[in-house]
There are 4 protein chains.
Amino acid sequence: MFSVDPSDPTPVYAQLEQAIRGMITTGQLIPGDKLPTVRGLSKDLGLNTNTVARVYAELEQAGVVVTKRGAGTFVREAPPAPPQLERDKERELRPLVDRLLADASILGYTMSEVVHYMRALEVRHHLKEKA
Amino acid sequence: MFSVDPSDPTPVYAQLEQAIRGMITTGQLIPGDKLPTVRGLSKDLGLNTNTVARVYAELEQAGVVVTKRGAGTFVREAPPAPPQLERDKERELRPLVDRLLADASILGYTMSEVVHYMRALEVRHHLKEKA
Amino acid sequence: MFSVDPSDPTPVYAQLEQAIRGMITTGQLIPGDKLPTVRGLSKDLGLNTNTVARVYAELEQAGVVVTKRGAGTFVREAPPAPPQLERDKERELRPLVDRLLADASILGYTMSEVVHYMRALEVRHHLKEKA
Amino acid sequence: MFSVDPSDPTPVYAQLEQAIRGMITTGQLIPGDKLPTVRGLSKDLGLNTNTVARVYAELEQAGVVVTKRGAGTFVREAPPAPPQLERDKERELRPLVDRLLADASILGYTMSEVVHYMRALEVRHHLKEKA
DNA sequence: GTGGTCTAGACCACG
DNA sequence: GTGGTCTAGACCACA
């Protein structure tokens with residue numbers, strides 16, 4: 001379900017947190033969905049339970065998920081986005097985009113291919129929302 | 001010129017490496033261009049010279065740049081892309097894109113905004129190539 | 001176990017890397033074997049932990065060893081040798097052999113002595129394999 | 001004539017010195033032979049003349065070559081080998097052999113192939129001596 | 001002045 | 001306890 005790359009220099013706890021947030025942002029997980037149990041997920045990913053528990057705790061503190069004792073961990077309703085209208089995209093988005101393009105270029109993808117793929121993803125996302 | 005965020009759990013050396021690779025794949029750095037000096041860049045970014053030197057060394061070993069002893073570090077000609085014709089984009093690109101969207105969503109950006117920004121970047125890239 | 005000579009102009013990290021690779025190709029270290037800990041080896045050799053860690057990191061990136069987080073560093077299965085059938089030994093091996101003979105001659109060894117020693121090493125290697 | 005690899009971490013001055021000593025040890029340069037001029041060799045190898053001059057100076061000081069003002073630099077008669085009978089080959093030769101085997105293994109050669117090649121070289125060397 | 005090597009010593013991620 | 005990251009600061013190789 002989620003994937004973690006032990007050879008990535010980013011700490012695995014950060015990778016896992018990003019993976020979960022990513023699945024929420026892209027609609028693969030929606031509010032109310034149940035996350036895997038800490039023990040199950042740590043076994044699947046070959047991680048220590050402490051590591052997974054730490055991620056869930058951080059996500060809970062960030063208000064992304066909620067843990068119901070005895071029931072499990074669930075995706076919360078998305079909080080209203082901060083209403084900042086004017087953003088410095090060049091400063092904020094640029095490093096994130098650079099990272100994507102850098103990683104993709106190592107795999108042999110060009111900038112055009114990546115953007116093309118993302119446009120396709122976006123369309124899929126919109127269709128799903130309307131359904 | 002480049003930017004790193006010390007509060008990002010990704011190691012700064014990895015951030016810097018990604019930033020440089022990103023500038024190459026987006027055409028802001030082209031083969032033959034000279035990178036900033038190790039000392040100059042480390043001062044600009046508030047990093048230790050060792051950290052920058054490590055990035056340059058890794059990029060050199062990856063064949064992305066070439067360093068001429070006593071002269072500086074330069075962007076190399078791009079190697080021929082790996083010849084895999086059919087790629088499993090869903091498996092290869094998806095996690096990278098998810099990570100981008102996850103990080104962007106924390107900043108309050110939607111999927112549409114990110115894709116829109118990247119399309120603008122791509123257009124800029126093409127214009128530069130034709131110039 | 002390993003040895004480095006600080007008066008050798010070859011950087012000590014390179015010497016150590018060569019020593020480890022040498023022990024693998026001569027069969028003194030086999031896949032699955034655990035390397036000494038970074039701290040233990042650096043103490044034994046009188047080096048800084050960073051220097052040893054750098055060597056392990058380079059060997060990892062080269063695919064020679066694998067490090068399991070929190071557990072240690074281990075020799076990997078040898079990757080399949082590159083499939084080049086006809087090699088230009090004269091061009092590829094000659095400089096490496098010349099370097100060995102040059103260094104040995106400074107110590108007063110003749111070509112015959114060196115070759116004789118290597119044949120003995122090879123025999124030891126074969127005996128070990130059969131055992 | 002000589003070769004130097006700028007991507008080798010060993011300093012080029014040390015590489016060049018080893019290359020020259022190697023050609024003497026293996027009989028490709030014999031006493032009385034004239035070495036290339038400093039300027040010619042530095043141009044051929046793409047090095048600074050200072051670097052080559054440094055090597056010649058070190059070889060001269062070591063008694064390996066002799067410089068005749070206005071005439072050039074020449075290989076000297078080999079000095080009598082130091083008469084140490086009992087040597088700790090394991091300690092002295094081992095690191096040198098490990099380096100060779102390590103470098104050769106990166107190129108895909110096995111221990112046997114290297115030893116076999118060296119035995120062939122040795123035979124060639126003996127034949128040349130008798131001629 | 002350019003990049004490269006090394007040390008001492010601190011702090012982090014993971015099991 | 002394991003390896004990984006980073007800093008401060010010294011010294012070396014090369015043009």
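These numbers were taken from a predicted model, which means no experiment stands behind them.
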*According to the salt bridge (charged side-chain N to carboxylate O under 4.0 Å, His left out) rule, which pairs have a member within residues 35-44 of chain B, sequence neighbours left out?*
none

*asked:* Run D:Val12 and B:Arg69 through side chain to side chain contact (heavy atoms under 4.5 Å, CB included) and show every step you take.
replied: CA-CA 10 Å; D:Val12 293; B:Arg69 315 184 56 149; 4.1 Å; yes

_5'-most by nearest nucleotide on DNA chain F - C:Lys68 or B:Ala14_ = C:Lys68

*asked:* By nearest heavy atom, map B:Thr10 and C:Lys34 onto DNA chain F; which one lands nearer the 5' end?
replied: C:Lys34

*Give, for atom CD1 of A:Ile20 and atom CD of A:Glu58, the distance between the pair rounded to the nearest 0.5 Å.*
10.5 Å

*Does any non-hydrogen side-chain atom of B:Leu35 lie less than 4.5 Å from one of B:Phe74?*
no

_Side chain of C:Thr67 (C-beta onward), nearest among F:dG4, F:dC6, E:dC6_ = F:dG4

_Working to the nearest 0.5 angstrom, can you tell me the gap between B:Asp98 CG and A:Thr25 OG1?_
8.0 Å

*F:dC12 C1' sits how many Å from B:Arg69 CZ, rounded?*
11 Å

*Protein-nucleotide distance (D:Asp8, atom CG; F:dA13, atom P), rounded to Å*: 15 Å

*With side chain to side chain contact (heavy atoms under 4.5 Å, CB included) as the test, would you mind laying out the steps for D:Val64 and D:Val75 before giving the verdict?*
CA-CA 6 Å; D:Val64 175; D:Val75 178; 5.6 Å; no

*Rounded off to whole Å, could you give me the CD-to-P distance for the C:Gln15 and E:dT5 pair?*
13 Å

*asked:* For a stem of at least 3 consecutive Watson-Crick or G-U pairs with distances under 3.5 Å, i pairing with j, i+1 with j-1 and so on, which stems involve DNA chain F?
replied: E:1-14 with F:1-14

*asked:* With nearest nucleotide decided by heavy atoms, which residue, D:Pro9 or B:Pro9, maps closer to the 5′ end of DNA chain E?
replied: D:Pro9

*Does NZ in C:Lys34 sit with more than 12 non-hydrogen atoms of other residues, nucleotides or ligands closer than 6.0 Å?*
yes

_By nearest atom, which of the nucleotides E:dA13, E:dC6, F:dA13 is closest to the D:Tyr13 side chain?_
F:dA13

*Return the residues of residues 36-60 of chain C meeting this criterion: a heavy atom under 4.0 Å from some atom of DNA chain E. Order them by number, or give none.*
C:Gly46, C:Leu47, C:Asn48, C:Asn50, C:Thr51, C:Arg54

*Whole-Å distance separating the CG atom of D:Asp5 from the C1' atom of E:dG4*: 15 Å

*Distance (rounded to the nearest 0.5 Å) between D:Thr73 OG1 and D:Tyr56 OH*: 6.0 Å

*Nucleotide E:dT5, atom P - distance to CG of C:Leu16 in whole Å*: 14 Å

_Ion pair B:Arg99/B:Asp103, N-O distance below 4.0 Å_ = no

